[in-house]
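Letters A, B, ... mirror the listed sequences (proteins, then strands); counts begin at 1. Given the structure is predicted, the values throughout are model-derived calculations rather than measurements.
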Amino acid sequence: MPGFEDDMPFFDEPARASRPAPGGIAARAMAARQGRSATPDYLNGLNPEQRLAVETTEGPVLVLAGAGTGKTRVLTTRIAHILATGRAFPSQILAVTFTNKAAREMKSRIGMLIGEGNVEGMPWLGTFHSIGVKLLRRHAELAGLRSDFTILDTDDQVRLIKQLIQAEGLDDKRWAPRVFAQMIDGWKNKGLGPAEIPEGDARAFANGKGRELYQAYQNRLLTLNACDFGDLLCHPIRIFRAHHDVLEEYHRRFKYILVDEYQDTNTAQYMWLRLLAQRPRQSASVPAEGRGGDRRPPDVSGAPAQGQPQEAAVRPVSVNICCVGDDDQSIYGWRGAEVDNILRFEKDFPGATVIRLERNYRSTAHILGAASHLIAHNEGRLGKTLFTDRPDPEDAKVNVHAAWDSDEEARAVGEAIEAYQRGGHALNDMAILVRASFQMRSFEDRFIEIGLNYRVIGGPRFYERQEIRDALAYLRVVANSGDDLAFERIVNVPKRGLGEAAIRQIHDTARALGTPMLAAAANLAESDELKPKPRAALREITANFERWQKALDNTPHTELAETILEESGYTDMWKNDRSADAPGRLENLKELIRSMEEYESLRSFLEHVALVMDAEQNEGMDAVSIMTLHSAKGLEFETVFLPGWEEGLFPHQRALDEGGRSGLEEERRLAYVGLTRAKKNLHIWFVSNRRIHGLWQSTIPSRFLEELPEAHVEVQESGNSYGGYGNPYGGSSFASGRGGRQNPYGASRFDSLGQGSSDKGGAFSNSYATPGWQRAQQNRTEATSRNWGTRSGHQVERIGYGETDSGYGAGRGSVKGRTIDGELVAKSVAETPSPFSVGERVFHQKFGNGNIAAIEGNKLTIDFDKAGQKKVLDSFVEGSRGVGE
DNA sequence: CACAATTGACTTTTT
DNA sequence: GTCAATTGTG
């Protein structure tokens with residue numbers, strides 16, 4: 001990671017005042033010093049507010065930057081400005097973001113502003129966590145760690161907790177490790193250690209042993225020389241508090257602090273920032289302005305130990321902290337973000353300058369109008385109103401569409417996308433933003449069917465995949481033989497005949513000897529405490545690790561990684577795996593090796609993997625993006641589709657149940673984020689029926705639809721422009737509801753469409769299925785329909801299929817029936833020998849060509865060329881002869 | 001010990 | 001409906 005080199009000296013870099021500063025910057029700094037005030041080109045094109053935000057470098061500044069108002073530009077220009085005017089050296093600037101993506105973006109934009117070549121030491125720019133790691137590596141011993149500590153991800157964390165719960169003799173069913181991991185996360189988000197958590201919280205878990213368990217977990221982490229994500233924030237906080245000399249070191253170092261997405265900070269991050277940004281009077285260092293107008297950075301070359309000349313501090317040092325955020329885009333409350341941090345800024349930092357950026361450069365007046373009107377329904381805002389000075393009468397209004405069910409929704413969106421495409425729009429400029437990821441499937445299915453390129457953003461992360469985590473575990477053990485969690489993960493992967501018993505044995509030995517598990521295993525392999533088989537297996541694997549570790553220093557790390565995966569039998573394991581995703585996994589492993597090339601050593605690679613591994617694939621192709629509203633924050637698209645605006649889904653029922661009013665407001669902010677992603681075209685969809693947890697439920701339109709202003713919205717007369725299927729609801733009822741009242745629409749404007757939406761809770765009303773109830777339901781339908789199912793046999797399927805293919809006018813009953821038919825026919829005709837054989841090439845109307853991977857009765861598992869692996873009934877496919885390849 | 005059958009959960013997600 | 005994780009069986 002450029003700019004994050006750990007060997008970069010801490011304090012001597014800005015020291016050589018005599019050393020020529022990089023060209024452009026030096027020249028500008030010189031100009032600034034000499035009072036020449038020609039506007040530097042990097043300031044050109046900023047509007048007055050933006051310029052103020054850039055040039056108000058001293059003192060606390062809060063920039064309230066609405067969506068699309070040039071927030072990132074302000075941040076990056078501000079950094080460039082500070083550098084160009086010689087106010088600070090790069091290393092004296094700390095810039096914090098939330099995501100790696102944002103960090104990368106800022107880095108490259110700063111690079112562009114000040115010239116790549118000139119970047120001699122970038123600012124400390126990174127996520128809270130990556131900066132936390134950097135701090136912690138330097139001061140690990142103060143937290144009871146060694147500086148080569150490992151970073152556990154959620155998966156490791158959960159497995160560890162599970163062990164602890166079992167060690168306590170507790171039932172890990174009743175006390176789910178995952179739940180406890182979340183509790184710990186929650187505490188750490190608040191900066192609370194085991195001693196500080198509220199009594200109630202402590203009692204709520206593990207028969208009141210919550211606190212002990214938390215403590216045990218922390219102890220275990222120290223033994224393992226490991227940190228979880230929360231610790232990356234909490235340890236530095238604790239170190240800062242306990243060691244003032246360390247904190248002062250950083251006070252001297254960081255002259256300017258910048259924070260992106262301030263509305264998303266949680267309590268721990270807030271404390272972390274406060275510690276760095278607020279300097280107690282008595283320990284204040286020399287204010288730069290105190291040096292007689294000389295704007296050069298203060299000389300901080302003296303090593304900390306040497307000490308600064310302690311001039312009596314006259315006043316608190318101005319905290320040059322600049323936080324940029326938008327309270328209306330706070331959508332991470334559920335994971336500990338405190339909107340309050342931004343609402344409170346002026347109190348926290350007295351004398352703060354607050355700058356509002358309200359001039360929007362992104363969206364049309366209609367979109368802004370809709371978004372503003374919607375968000376105005378929230379209370380407790382700092383209040384901003386976005387405006388554009390480029391209204392265009394040609395702009396399209398925000399479109400609201402209705403669909404019968406999610407399949408029709410997907411179909412209609414698909415057709416709209418194709419229509420835009422025909423109109424010359426690139427797929428890359430379009431996005432579908434959903435509330436919950438399960439909504440993605442119907443779009444994916446549909447797009448595969450019609451051959452529309454799409455990409456899913458923010459799915460399961462690359463490094464979270466099983467094969468990647470396994471491979472990494474091997475590498476982790478090689479790099480650090482004390483990594484027990486990693487060792488345990490792969491001792492028996494691939495299967496080596498080392499089961500529960502053997503692993504417990506290794507555990508016990510490790511504990512008895514006080515060594516890591518790998519060493520214990522080596523020991524055990526030489527003793528006769530194990531049966532011959534596991535013993536041989538252990539001997540082999542420990543010998544392997546020993547050999548790999550020896551090779552670590554004299555083999556290129558990518559090569560070593562390949563060797564390890566080969567020799568351990570790991571790649572063979574997947575090569576022998578017949579399942580459809582095995583080739584993909586092998587491909588991923590190759591990708592992993594490729595990605596290692598960018599790092600100079602195995603160690604540095606592993607460090608980055610833990611924190612910053614996200615693979616963006618398919619970047620090259622033109623494709624529609626599908627993602628959740630959450631992951632869309634910060635992005636923009638020409639055309640945006642927002643499906644699923646129904647009560648219960650959006651706003652989500654659970655947000656309402658658990659968050660009450662504030663939950664609703666967060667959902668509304670999420671809607672606001674969604675609306676403001678669109679530059680030109682915005683289409684909102686809602687459906688009357690949606691399948692949740694396998695059951696069809698009727699739904700009513702989202703209340704957010706009622707909150708859109710009539711003037712900027714156009715309600716589409718149902719999907720009549722999208723193909724010839726019937727309109728299942730009265731299209732005219734859209735128009736009918738328009739009336740007076742405060743809300744320009746009648747309350748039931750969209751309601752009237754919700755055919756069969758009798759039960760008020762809709763899809764997500766509390767009545768919905770517990771797993772048991774649901775299964776009972778399923779059994780019942782199956783039982784009742786078995787009779788006519790056997791009678792009609794394949795006939796029924798074809799009808800069912802025909803309906804799927806040709807029309808959505810059929811009521812939901814038949815849609816339901818289709819599914820049931822699939823089930824029941826499969827069971828009733830199970831004995832009939834299949835006309836197909838494994839490996840045969842077949843054609844399916846919906847999924848195209850594919851090869852049969854497996855046959856069970858009349859159910860075929862087929863690897864489709866385009867659609868991947870699907871299970872279908874044999875009557876749906878035909879031999880692919882004649883259906884050209 | 002390995003595999004198949006069964007059970008249960010299931011909003012959002014970064015690091 | 002789908003997934004993973006756990007339980008029961010060979």
Side-chain angles (χ1 to χ4, degrees), chain A residues 96-103 126-133 151-154 157-158 162 172-173 176-179 182 185 188-189 227-233 261 264-266 268-269 331-337 433-439 441-442 458-461 463-464 466 492 494-503 531 533-534 537 608-614 627-633 644 648-659 663 666-667 669-670 673-674 691-696 764 768-775 777-778 819-820 822-823 871:
Chain A
V96 210
T97 64
F98 270 80
T99 63
N100 293 302
K101 207 168 136 198
T127 62
F128 275 100
H129 295 265
S130 65
I131 289 174
V133 177
I151 300 164
L152 302 188
D153 58 30
T154 323
Q157 202 185 347
V158 170
K162 188 171 172 186
D172 62 359
K173 280 277 172 43
R178 198 163 286 282
V179 172
Q182 280 162 9
D185 258 5
K188 289 189 175 173
N189 282 340
C227 270
D228 63 18
F229 285 124
D231 286 338
L232 299 179
L233 296 171
E261 305 279 18
D264 286 337
T265 46
N266 62 36
Q269 287 158 336
I331 54 175
Y332 285 108
W334 51 274
R335 66 173 201 221
L433 312 181
V434 298
R435 175 64 183 83
S437 41
F438 76 84
Q439 292 173 263
R441 168 162 289 137
S442 56
R461 252 148 266 300
Y463 70 86
E464 275 169 10
Q466 185 191 340
N492 200 31
K495 296 263 169 10
R496 299 188 173 91
L498 295 165
E500 214 181 318
I503 291 174
K531 298 204 179 109
K533 246 193 190 161
H608 291 295
V609 160
L611 283 177
V612 297
M613 190 99 163
D614 44 359
M627 69 187 96
T628 63
L629 286 161
H630 282 93
S631 41
K633 196 170 79 170
L649 177 57
F650 193 31
H652 200 281
Q653 190 60 45
R654 209 145 132 189
L656 300 177
D657 290 347
E658 289 169 14
E666 182 153 315
E667 294 287 290
R669 290 193 290 267
L670 198 49
V673 167
R691 189 164 50 195
I692 306 299
H693 307 332
L695 287 177
W696 284 96
F764 297 77
Y768 77 82
T770 61
W773 181 86
Q774 185 185 325
R775 222 172 296 274
Q777 244 356 64
Q778 215 163 22
T819 338
I820 294 162
E823 260 323 296
K871 281 192 179 164

> A:Trp334 on top of B:dT12's base, within under 5.5 Å and under 30°?
Replying inline: yes

> Where the side chain of A:Glu658 is concerned, which of B:dT15, B:dT11, B:dT13 is the nearest nucleotide?
Replying inline: B:dT11

> CZ of A:Phe98 versus P of B:dT15: gap in Å, rounded?
Replying inline: 11 Å

>> So A:Lys162, base contact, sugar-phosphate only, or nothing? Heavy-atom distance under 4.0 Å.
In response: sugar-phosphate

> Is A:Asn492 near enough to B:dA2 that one of its side-chain N or O atoms lies under 4.0 angstrom from OP1 or OP2?
Replying inline: yes

> Taking A:Asn492 for the side chain and A:Gly499 for the main chain, is one N or O donor matched with an acceptor at less than 3.5 Å?
Replying inline: no

>> Checking contacts here: which listed nucleotide (B:dT11, C:dG1, B:dC3) is nearest the side-chain heavy atoms of A:Lys495?
In response: B:dC3

> Would A:Trp334 and A:His652 count as a close aromatic pair, with their ring centres under 6.0 Å?
Replying inline: no

> Phosphate oxygens OP1/OP2 of B:dT12: is one of them under 4.0 Å from a side-chain N or O of A:Ser437?
Replying inline: yes

> Does A:Arg335 or A:Glu667 map to a spot on DNA chain B nearer the 5' end, using the closest nucleotide for each?
Replying inline: A:Glu667

> To the nearest angstrom, how far is A:Ile503 atom CD1 from B:dC1 atom P?
Replying inline: 8 Å

>> I need the CZ-P distance between A:Arg654 and B:dT11, as an integer number of Å.
In response: 5 Å

>> Any base atoms under 4.0 Å from A:Glu500, or only sugar-phosphate, or nothing? Heavy atoms, all strands.
In response: sugar-phosphate

>> Is it the case that B:dT12 (base atoms only) and A:Arg435 (side chain only) share a donor and an acceptor within less than 3.5 Å, ignoring hydrogens and angles?
In response: yes

> For the side chain of A:Glu666 and the backbone of A:Gly333, is there at least one donor-acceptor N/O pair under 3.5 Å apart?
Replying inline: yes

>> Considering every strand and a 4.0 Å limit on heavy-atom distances, what is the contact class for A:Ala501: base, sugar-phosphate, or nothing?
In response: sugar-phosphate

> On DNA chain B, nearest-nucleotide positions of A:Leu498 versus A:Phe128: which is more 5'?
Replying inline: A:Leu498

> Between A:His630 and B:dT12, do the rings stack, that is, sit under 5.5 Å apart with planes less than 30° off each other?
Replying inline: no

> Can you tell me how far P of B:dT12 sits from CG of A:Asp657, to the nearest Å?
Replying inline: 16 Å

> Over how many whole Å does the gap from A:Asp185 atom CG to B:dT15 atom C1' extend?
Replying inline: 9 Å

> Would you say B:dT13 has OP1 or OP2 under 4.0 Å from some side-chain N or O of A:Lys633?
Replying inline: no

> Base, sugar-phosphate, or nothing: which does A:Thr154 touch, judged by heavy atoms less than 4.0 Å apart?
Replying inline: base

> In whole Å, what is the span from the CD1 atom of A:Ile692 to the C1' atom of C:dG1?
Replying inline: 11 Å

>> Using whole Å, what does the distance between atom P of nucleotide B:dT12 and atom CD of A:Glu666 come to?
In response: 14 Å

> What are the two closest non-hydrogen atoms of A:Gly126 and A:Ala103, and how far apart are they?
Replying inline: CA-CB, 4.1 Å

> So which heavy atom on A:Val673 is nearest to which on A:Leu629, and how close?
Replying inline: CG1-O, 4.2 Å

>> Nearest to the A:Thr99 side chain among B:dT13, B:dT15, B:dT12, which nucleotide is it?
In response: B:dT15

>> In this structure, how many angstroms lie between the C1' atom of B:dT11 and the CE atom of A:Met627, rounded?
In response: 17 Å

> Is there a donor-acceptor contact under 3.5 Å from the side chain of A:His630 to the main chain of A:Ile331?
Replying inline: yes

> Which part of the nucleic acid does A:Gln439 contact within heavy-atom distance under 4.0 Å: base, sugar-phosphate only, or nothing?
Replying inline: nothing

